[in-house]
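A quick write-up on the structure given underneath.
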Amino acid sequence: MPVAASAIYFLNLRGDVLINRLYRDDVGGNMVDAFRMHIMQTKELGTCPVRQIGGCSFLYMRISNVYIVIVVSSNANVACAFKFVVEAVALFKSYFGGAFDEDAIRNNFVLIYELLDEIMDFGYPQNLSPEILKLYITQEGVRSPFSSKPSDKPVPNATLQVTGAVGWRREGLVYKKNEVFLDIVESVNLLMSSKGSVLRCDVTGKILMKCFLSGMPDLKLGLNDKIGLEKESQLKSRPIKSGKTIELDDVTFHQCVNLTRFNSEKTVSFVPPDGEFELMKYRITEGVNLPFRVLPTIKELGRTRMEVNVKVKSVFGAKMFALGVVVKVPVPKQTAKTSFQVTSGRAKYNASIDCLVWKIRKFPGQTESTMSAEVELISTMAEKKSWTRPPIQMEFQVPMFTASGLRVRFLKVWEKSGYNTVEWVRYITKAGSYEIRC
């Protein structure tokens, strides 16, 4: 069930009540005394953000020098409660000029009470969007002298904004040039054994958009995901030619996406917010295209010498290239001297992280580079402990490449005025936890 908060309190670090609001009559007005006595005075504030005292649950969070405490008497959704607190603080900051602390609360009592009445009704969270609330709560808070001045004036027609289905976008936007920028950003995670077998591999990705569109446009995004293509072919009664298809896991959408249409048609349809936002996030565990293969060979020659050979091969297309490639090869702490031979880039020993760091500014596709290093170790009289070899780590960015194989098939923009739009699509793959055991 939702939060169903009985009361909310704002306390300073001494436990004094700065402001409070009772939403239900199932708790007494002195419940804050129990929080102060059993939690604050016992110095258990940092142990757990949820505590039960006398049949009531206290959900609290510290923001700057203020504790926000929500009191519930039933089995409430804790995640929803903390989400409410985070969104409420963001709302207050938008009114106070970016500051939220004890002084900001003391200077804005009236405004906070008005906002608390709007964002929660009988203990249930309501609309917390600053853009919407500023349309009809036009009172300005006492802003910090270091905060920026408000840039946008509220627009009319607040009722439509609050009751309609497009609360994240206001009407009346006009641009001379209507453009949409879409970025697919992926992080590839890999754990590979020393023999070259993949132990763990997955891709986490997100689709970022930046929209500069007039009016209230309706966008439709088509991807090469397997379920969406199968649904589209069923609706059109003919097969869809799209090349490789992928299966998306753990997909989460921005609130602007029409989930009803997605569930029925498997298409991403939405009215976008103005400016930059994250449209969706996803994860892929099968069919991952690894951008690099790493073949390490490390030989320990006695107690004072090591030979390190690392070959890195780029697997992506020959017309592509990777930027900022960094290969970190761990070495023992007693390393005294190193010498290198590299076919491209530069290599050096970094004593602060006990690694040989090999950097290549630009790595073309379908090529390979090698690094050979001789490592001299300090000889010690103590019994040598076996060196546990940490994995080799990689960092890189590959523009116009996706490890998942995700592709944008189409991006359609429809608006009643019928203006022309310019769509820009960009792909980039980065290294997440990219490790190779040696």
Side-chain angles (χ1 to χ4, degrees), residues 185-205 283-301 305-333 335 338-375 386-405 427-438:
V185 182
E186 293 188 344
S187 296
V188 55
N189 305 304
L190 170 71
L191 179 59
M192 182 177 288
S193 70
S194 57
K195 297 181 180 180
S197 58
V198 177
L199 304 177
R200 185 184 69 245
C201 184
D202 67 89
V203 173
T204 57
R283 189 170 67 93
I284 291 177
T285 56
E286 296 182 359
V288 177
N289 303 316
L290 297 177
F292 288 99
R293 290 280 182 178
V294 181
L295 302 174
T297 303
I298 298 179
K299 296 180 180 180
E300 298 184 42
L301 306 177
R305 287 185 61 227
M306 286 179 57
E307 285 186 358
V308 178
N309 292 283
V310 179
K311 180 186 292 185
V312 179
K313 183 178 181 180
S314 55
V315 187
F316 46 87
K319 295 182 179 180
M320 302 178 185
F321 55 86
L323 298 174
V325 178
V326 179
V327 182
K328 298 179 180 179
V329 183
V331 291
K333 290 186 176 182
T335 298
T338 56
S339 59
F340 298 93
Q341 287 184 349
V342 294
T343 57
S344 61
R346 294 182 178 181
K348 67 176 182 179
Y349 168 60
N350 190 331
S352 62
I353 58 176
D354 297 319
C355 285
L356 307 179
V357 181
W358 179 21
K359 295 183 179 181
I360 304 174
R361 187 178 63 86
K362 189 174 181 179
F363 202 124
Q366 297 298 317
T367 60
E368 63 180 37
S369 297
T370 58
M371 178 192 72
S372 300
E374 291 188 2
V375 180
S386 60
W387 176 49
T388 58
R389 300 182 179 181
I392 296 174
Q393 297 179 335
M394 278 197 72
E395 300 173 8
F396 54 81
Q397 290 188 2
V398 187
M400 303 312 295
F401 171 81
T402 55
S404 65
Y427 307 91
I428 188 168
T429 294
K430 303 178 180 179
S433 175
Y434 207 89
E435 298 181 342
I436 301 92
R437 292 178 178 174
C438 54

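Predicted, not measured: the structure shown is a model, and the values here were computed from it.
- W358 places a side-chain N or O within donor-acceptor distance of the main-chain N or O of S344, the cut-off being under 3.5 Å.
- Residue-environment remark: CD (E286) stays at or below the threshold of 12 foreign heavy atoms within 6.0 Å.
- A distance-only check finds no donor-acceptor pair linking the side chain of S369 to the backbone of V312 [under 3.5 Å].
- Remark: S193 engages S197 in a side chain to side chain donor-acceptor pair (under 3.5 Å) (not counting sequence neighbours).
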Stepwise, does the side chain to side chain contact (heavy atoms under 4.5 Å, CB included) test hold for M192 with R293?
CA-CA 9 Å; M192 182 177 288; R293 290 280 182 178; 3.2 Å; yes

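- With hydrogens and angles disregarded, no donor-acceptor distance shorter than 3.5 Å links the side chain of E186 to the backbone of T402.
- Residue pairs meeting the side chain to side chain donor-acceptor pair (under 3.5 Å) criterion with at least one partner in residues 429-438, sequence neighbours excluded, are Q393-E435.
- Remark: E307 CD is packed, more than 12 non-hydrogen atoms of other residues, nucleotides or ligands lying under 6.0 Å away.
- Using the six-membered ring where Trp is involved, F292 and F363 have ring planes that are perpendicular, over 60° apart on the 30 and 60° scheme.
- Considering only residues two or more places apart in sequence or on other chains, V326 meets the side-chain contact (heavy atoms from CB on, under 4.5 Å) condition with K328, V357, K359, E395.
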Residues C438, V329; criterion side chain to side chain contact (heavy atoms under 4.5 Å, CB included); working and verdict
CA-CA 9 Å; C438 54; V329 183; 5.7 Å; no

Passes side chain to side chain contact (heavy atoms under 4.5 Å, CB included), M371 versus V327? Steps please.
CA-CA 10 Å; M371 178 192 72; V327 182; 6.0 Å; no

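- Side chain to side chain, D202 and T285 fail the donor-acceptor criterion of an N or O pair below 3.5 Å.
- Rounded to the nearest 0.5 angstrom, M394 CE and I436 CD1 are separated by 6.5 Å.
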